[in-house]
Amino acid sequence: MEQSLRVKVNGQAVKREVPPRLTLADFLRDRLRLTGTHLGCEHGVCGACTVLLDGDAVRACLLLAVQADGREVTTVEGMGEPGRLTPLQRAFLEHGAFQCGFCTPGFLATGEALLRSGRRLSRAELPDLLAGNLCRCTGYGPIVDAILEAAGSR
Amino acid sequence: MKAGSDAEERLVRGQGDFLADLDLDALEACFVRSPYPHARVQSISLPGGRGLTGAQLARLAGPLRVDGPGLKAVPWWPLAVEKVRFVGEAVAVVWAEDRYLAEDLADETEVDYEPIPAGPLHEEAPDGVLYESRREGGDFEAAFGRAARVLERTFKTARQTPIPLEARGVVARWDGAAGRLTVWTSTQVPNLVRTVLASSLQLAEGDVRVIVPVVGGGFGLKAHVFPEELAVAALARHLGRTVRWVEDRRENLLASAHAHEETVRLRLALDDQGRFLAVDAEVSCDVGAYSVFPFSASLEPVTTGQTLFGPYALEAFRLHASGLASSKCPAGAYRGVGMNAAAFATERMVDIAARELGLDPLELRRRNAIREFPTVTAAGRELDSGDYLGLLGRLDAPYRELRRQQAEARREGRLFGIGVGFFNEHSGTGASEYQTRGITTIPGVDSARVRVGEDGTIEIATGGADAGQGHAETYRLLAARELGVAAEKVVVFEGDTDACPPGSGTFVSRGAVGGLTALTEALREVAEKDLAPGLEVTRVVDPKQVFPSGAHLAAVEVDPLGLNPRVIRYLAVEDCGVVVNERAAEAQVRGGVAMGMGGVLLEEIRYSEDGQPLASTLLDYLVPLAPDVPEIEIEHQESPSPLTALGSKGVGEAGTIGAFAAVANAVADAVQAELNELPCSPDRIFHLRRS
Ligand code: FES
Ligand code: FES
């Protein structure tokens with residue numbers, strides 16, 4: 001018993017039949033082959049699967065694909081263009097904001113949502129705003145630096 | 001895996017090609033896992049022809065087994081055969097076209113268990129002792145005989161698990177016509193996986209190719225060969241299909257590898273000047289249900305025993321180390337391994353001694369630090385290099401500044417503590433060292449090959465495997481320096497047993513010891529021959545252990561209501577010899593310190609009395625989040641190792657080891673209590689303060 005799903009992903013209209021139990025993360029990864037959205041826990045804690053849903057940062061492992069019906073999803077593959085990175089992606093490279101890179105797409109989505117929200121980001125409170133994303137490699141400092149720099153350059 | 005200069009850019013674009021991202025048209029395997037800690041498997045009923053039981057799989061693949069002095073060699077089968085020995089152990093494997101369907105099949109599988117209430121886990125080890133050794137150096141009786149004072153304490157570290165953000169995963173493909181097996185696996189030890197797969201499946205090594213995709217963190221967890229790797233490979237051959245297994249976090253928490261559950265009993269003999277004379281140590285580790293491959297149940301008892309009181313001059317040392325079996329997930333390598341518990345126990349003991357003697361903790365360390373290098377310690381370690389007084393000296397000014405702040409904070413009634421963590425550690429363990437320990441399962445050599453392409457490209461291939469350490473960048477930097485070529489002209493290959501020279505992989509910071517030595521020697525020979533196109537040089541090195549060291553300083557404030565410790569300042573002074581790539585080294589230290597903070601403050605896998613694990617999600621197993629980690633200040637002191645080509649000593653574990661000592665001491669100092677058990681959680685602090 002499949003359900004039909006219409007969703008805009010990275011600017012492109014997509015129409016697919018999907019089982020209702022399919023998560024948004026698995027839809028993106030397995031059906032659309034957008035494997036930049038990573039799975040670190042599949043229970044809503046690590047934030048590796050964070051994507052933008054109508055501009056808000058959400059956990060793709062906790063949503064069903066059918067819940068995205070009629071909405072717009074942006075994944076890491078939709079950030080930047082060929083030959084051009086977003087300011088946030090560039091800042092991640094400059095500050096060494098990752099080592100293994102597995103958490104990076106999730107942090108980019110969280111960061112992008114924060115930047116787009118237009119709120120002022122301070123060094124004192126940014127770590128709290130990032131508490132929904134885990135990184136096991138960096139100790140977070142360079143990630144905070146990168147997001148602050150991208151915020152400053154806007 | 002080829003790492004071009006765009007490798008980092010690919011990661012920020014989400015084009016990383018981690019194991020689960022590979023498009024290999026595979027069947028999905030799912031393991032059926034035991035809910036019982038110790039039970040006989042009576043019968044298994046599998047859903048229609050899409051599964052194999054442990055007994056069936058045992059006919060396709062042999063077990064993991066490590067033998068050596070002091071060890072009981074117990075077999076660890078790809079799937080449990082007659083009985084299960086921990087919750088989460090796999091008893092059957094099922095497969096389907098997609099993961100959802102495979103999990104359905106696992107749910108439909110019926111297993112009859114008969115719980116075993118008591119009795120030994122392994123017939124081979126009726127007393128439950130999987131490893132035991134004793135060691136003595138110096139004139140132990142004499143040293144204790146003239147002691148002015150003997151202190152005795154027991155320290156405990158918590159059972160943890162590494163939690164790389166990417167869990168484990170493996171894809172296996174069988175090419176029946178060629179009789180060849182190709183395995184993609186998220187590992188730090190590709191050559192070892194190949195060797196073991198070949199012997200378990202009775203194939204020639206040359207018929208097995210192991211490929212490592214981009215790896216989302218390892219931290220020691222991926223330096224093992226696991227039963228699941230054997231099971232998936234055997235299944236692929238059995239079905240003649242490509243088979244994939246991607247671990248989920250629950251499996252990862254229950255059944256990958258745990259670590260660090262250690263009890264360290266120390267007796268320290270001191271003279272009337274506060275000089276340490278001798279140490280009597282009893283180290284016992286809960287190693288779980290099996291002896292992990294390749295490190296075995298000796299891993300933590302040995303590394304802890306070797307590292308205790310490492311930076312201090314002793315006249316004598318005695319050690320009794322053991323690894324005890326339990327109905328828990330097997331314990332393996334996790335960043336710092338037994339060195340964390342050693343640094344924690346040692347440095348807590350030194351603070352306790354300072355308190356008892358009325359001496360300043362930093363002064364007591366200075367009084368007892370080893371002053372001359374190279375030297376052989378009472379515990380038999382051959383320290384290659386160091387400047388320990390230099391390390392402590394760099395803490396002096398910030399330490400005094402923090403003590404002033406502390407006095408002020410205490411006047412205001414705040415719980416403010418300062419802790420020092422002073423340590424040395426070994427890195428780059430080589431083949432001969434492993435052989436002396438009787439361990440033949442670890443090759444212990446490191447290798448590098450440099451080839452000059454017709455177009456002047458420099459191709460580097462090594463026997464290491466990157467899991468986020470930034471090997472490729474370091475190699476490019478080094479090649480540019482040694483050969484005078486542009487870094488962009490350098491291509492790096494790692495983690496493909498067909499394309500790379502055999503080596504030990506990446507753990508115990510061996511990359512900076514044997515790995516960089518092999519690479520530097522190869523590069524230098526290429527330079528001597530003027531980079532002739534077509535030239536190819538391979539170097540294989542059997543490294544000798546070298547000894548990085550460090551002195552860390554932490555300040556912690558504990559809020560009086562919630563009793564939550566918060567690290568507010570952290571300084572790490574590292575001596576990893578010559579720093580080859582400063583950015584990569586500092587990244588290792590920062591990440592390592594954050595992990596060590598987790599070990600001291602948060603991370604713990606508890607089991608209930610009846611053997612049920614109490615942490616099966618990341619809500620129960622806490623790791624540090626962004627607000628938990630302060631800015632980490634890093635200073636380098638360079639005392640070059642005479643034993644490596646560049647003088648480097650490795651820095652992968654130092655951050656974690658130092659933090660285990662410094663943060664724990666700071667919390668104890670803040671709450672003015674003998675906090676000798678980890679983690680320093682609010683409830684532990686609460687009970688200590690009450691008693
Ligand atoms: S995978 Fe979604 S939060 Fe961890
Ligand atoms: S870079 Fe590895 S988890 Fe963040």
Side-chain angles (χ1 to χ4, degrees), chain A residues 19 21-23 26 29-30 33-46 48 75-80 82 85-86 88-93 96-106 108 123 125-144, chain B residues 7-18 20-23 98-100 162-167 214-219 246 248-250 252 466-470 583-584 586-595 597-598 616-619 623-632 655:
Chain A
R21 67 175 178 172
L22 186 72
T23 67
D26 288 338
R29 291 181 50 82
D30 300 341
R33 296 286 317 145
L34 295 172
T35 53
T37 299
H38 298 150
L39 291 170
C41 71
E42 296 173 273
H43 51 247
V45 182
C46 76
T75 69
V76 65
E77 289 90 346
M79 298 175 194
L85 298 170
T86 63
L88 188 59
Q89 286 170 319
R90 275 205 305 276
F92 265 59
L93 280 174
F98 56 89
Q99 289 172 36
C100 77
F102 198 77
C103 66
T104 309
L108 288 170
R123 182 171 292 277
E125 66 176 5
L126 185 53
D128 285 321
L129 299 173
L130 298 178
N133 289 71
L134 288 185
C135 175
R136 290 294 278 162
C137 299
T138 63
Y140 300 102
I143 300 176
V144 171
Chain B
E8 296 205 334
E9 181 172 330
R10 289 180 61 84
L11 290 174
V12 293
R13 287 189 180 279
Q15 298 169 335
D17 287 335
F18 294 89
D21 305 340
L22 304 174
D23 194 4
D98 83 24
R99 170 77 171 267
Y100 288 72
I163 314 283
L165 200 57
E166 179 203 32
V214 176
V215 172
F219 315 118
V246 177
D248 69 25
R249 187 57 67 187
R250 189 182 137 78
N252 180 256
D466 188 271
Q469 295 93 339
R583 178 158 150 160
E586 295 197 346
Q588 284 298 309
V589 174
R590 218 178 282 116
V593 168
M595 262 183 177
M597 287 180 185
S616 61
T617 72
L618 293 178
L619 285 175
V623 298
L625 301 172
D628 300 324
V629 187
E631 189 198 330
I632 293 157

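From a predicted model like this one, the values you see are computed outputs, not experimental measurements.
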Counting heavy-atom pairs closer than 4.5 Å to chain A, which one of [options] comes out on top?
options                                : answer
B:Pro162, B:Gly598, B:Pro164, B:Pro630 : B:Pro162
B:Leu11, B:Asp248, B:Val246            : B:Leu11
B:Ala594, B:Ala167, B:Gly216, B:Ala584 : B:Gly216
B:Gly218, B:Pro624, B:Gly470           : B:Pro624

Mind ranking A:Cys103, A:Cys135, A:Gly139, A:Gly44 by heavy-atom pairs under 4.5 Å with chain B and telling me who comes out on top?
A:Gly139

Indicate yes or no for a side-chain donor-acceptor contact from A:Arg29 to the backbone of B:Ala20 under 3.5 Å, with no hydrogens or angles considered.
yes

B:Asp21 backbone acceptor or donor facing A:Arg33 side chain under 3.5 Å:
yes

Given A:Leu134 and B:Leu618, is the side-chain contact (heavy atoms from CB on, under 4.5 Å) satisfied, shown in steps?
CA-CA 10 Å; A:Leu134 288 185; B:Leu618 293 178; 3.8 Å; yes

Please flag which part of A:Pro19 lies under 4.5 Å from any non-hydrogen atom of chain B: side chain, backbone, both or neither.
neither

List the residues meeting salt bridge (charged side-chain N to carboxylate O under 4.0 Å, His left out) with B:Glu9, not counting sequence neighbours, and say none if there are none.
B:Arg13

Under the salt bridge (charged side-chain N to carboxylate O under 4.0 Å, His left out) test, residues paired with B:Asp628 that sit two or more places apart
none

For the CD atom of B:Gln588 and the OG1 atom of A:Thr138, what is their distance to the nearest 0.5 Å?
11.5 Å

Between the SG atom in A:Cys137 and the CE atom in B:Met595, the distance rounded to the nearest 0.5 Å is 7.0 Å

